[in-house]
Each structure stands twice: as structure tokens, then as C-alpha cells.
Amino acid sequence: IGLENVMRISINLSQLRDWLEIRGKLSHMSVIKNINIISLSRHKAELNIDYLGETDQLVTALKQKNLQLSYGLEGWLLQTTNGSRNIKLE
């Protein structure tokens, strides 16, 4: 199972439906043990997730939910596979 890790996530939103879809996907992942909402506005959500295992295990689990995790200049970025929403991981 591995160690439990915490990751800070910022989610850019264009509408409430984006948040509901992403939250639903994250909350149904077995590797994610807890989701703590730090702030939520019309255009952005910030949260901490507690997850089991290593980052590569999280990447694999996210891919199964049509979410892609990649590393860029500003850190980890999570987006839907259609690229319409970006989620920054710190």
C-alpha cells in the first residue's frame, strides 16, 4: 500500500459542473484517503488530498479517471484529458 502523502491542489474552474465532476472523480479513487477543501470560489478550488503510495501510483490512478498529471515550470499540473481544465499541484 505504501506511505500516506499529502498534496496541495489548485483547480481552475469555468463553471460549478467542473468542480462537481473533478471532486466526484477524486472522491471515488481508492488511493485518495481524504480531501480537505481549503477554499472554493466561482473560478478556483484549493484543496489538500491525502493519498496512499508514490506519485507514480497516483498518476496511474488519475489516468484511469481521465485526469493527467504532469510537471511544468510552475510545478505539478493536473488536467482533464480533454485539456479544458487545469489543476495545479504544489
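Predicted model, so just to flag it, every value in this text is computed and none were measured.
We find the CG-OH distance between N5 and Y51 to be 4.0 Å, quoted to the nearest 0.5 Å. With rounding to the nearest 0.5 angstrom, the CG atom of L26 is 7.0 Å from the CG atom of L62. The line from CG of L58 to CE of M29 is 5.5 Å long, rounded to the nearest 0.5 Å. Note that the CG atom of D50 and the NZ atom of K33 stand 10.5 Å from one another [nearest 0.5 Å]. In this structure, CZ on R23 lies 9.5 Å from NE2 on H28, to the nearest 0.5 angstrom.
Remark: side-chain polar atoms of K65 are not paired, donor with acceptor, to backbone N or O of K25 under 3.5 angstrom. Judged purely by atom type and a 3.5 angstrom limit, E21 has no side-chain atom pairing as donor or acceptor with the backbone of D18.
In this structure, I38 is not a member of the same hydrophobic cluster as I22, with clusters built from ILVMFWY side-chain heavy atoms closer than 4.5 Å. When hydrophobic clusters are built by joining Ile, Leu, Val, Met, Phe, Trp and Tyr residues whose side-chain heavy atoms come closer than 4.5 Å, directly or via intermediates, I9 is grouped together with I37.
Between N48 and the choices V6, N34, I35, the side-chain contact (heavy atoms from CB on, under 4.5 Å) rule is met once, by V6.
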**Study point:** Derivation of the side-chain contact (heavy atoms from CB on, under 4.5 Å) call for L47 and L40
**Key:** CA-CA 9 Å; L47 49 117; L40 181 61; over 6 Å; no
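The two residues G24 and S27 have their closest heavy-atom pair at O-OG, 3.1 Å.
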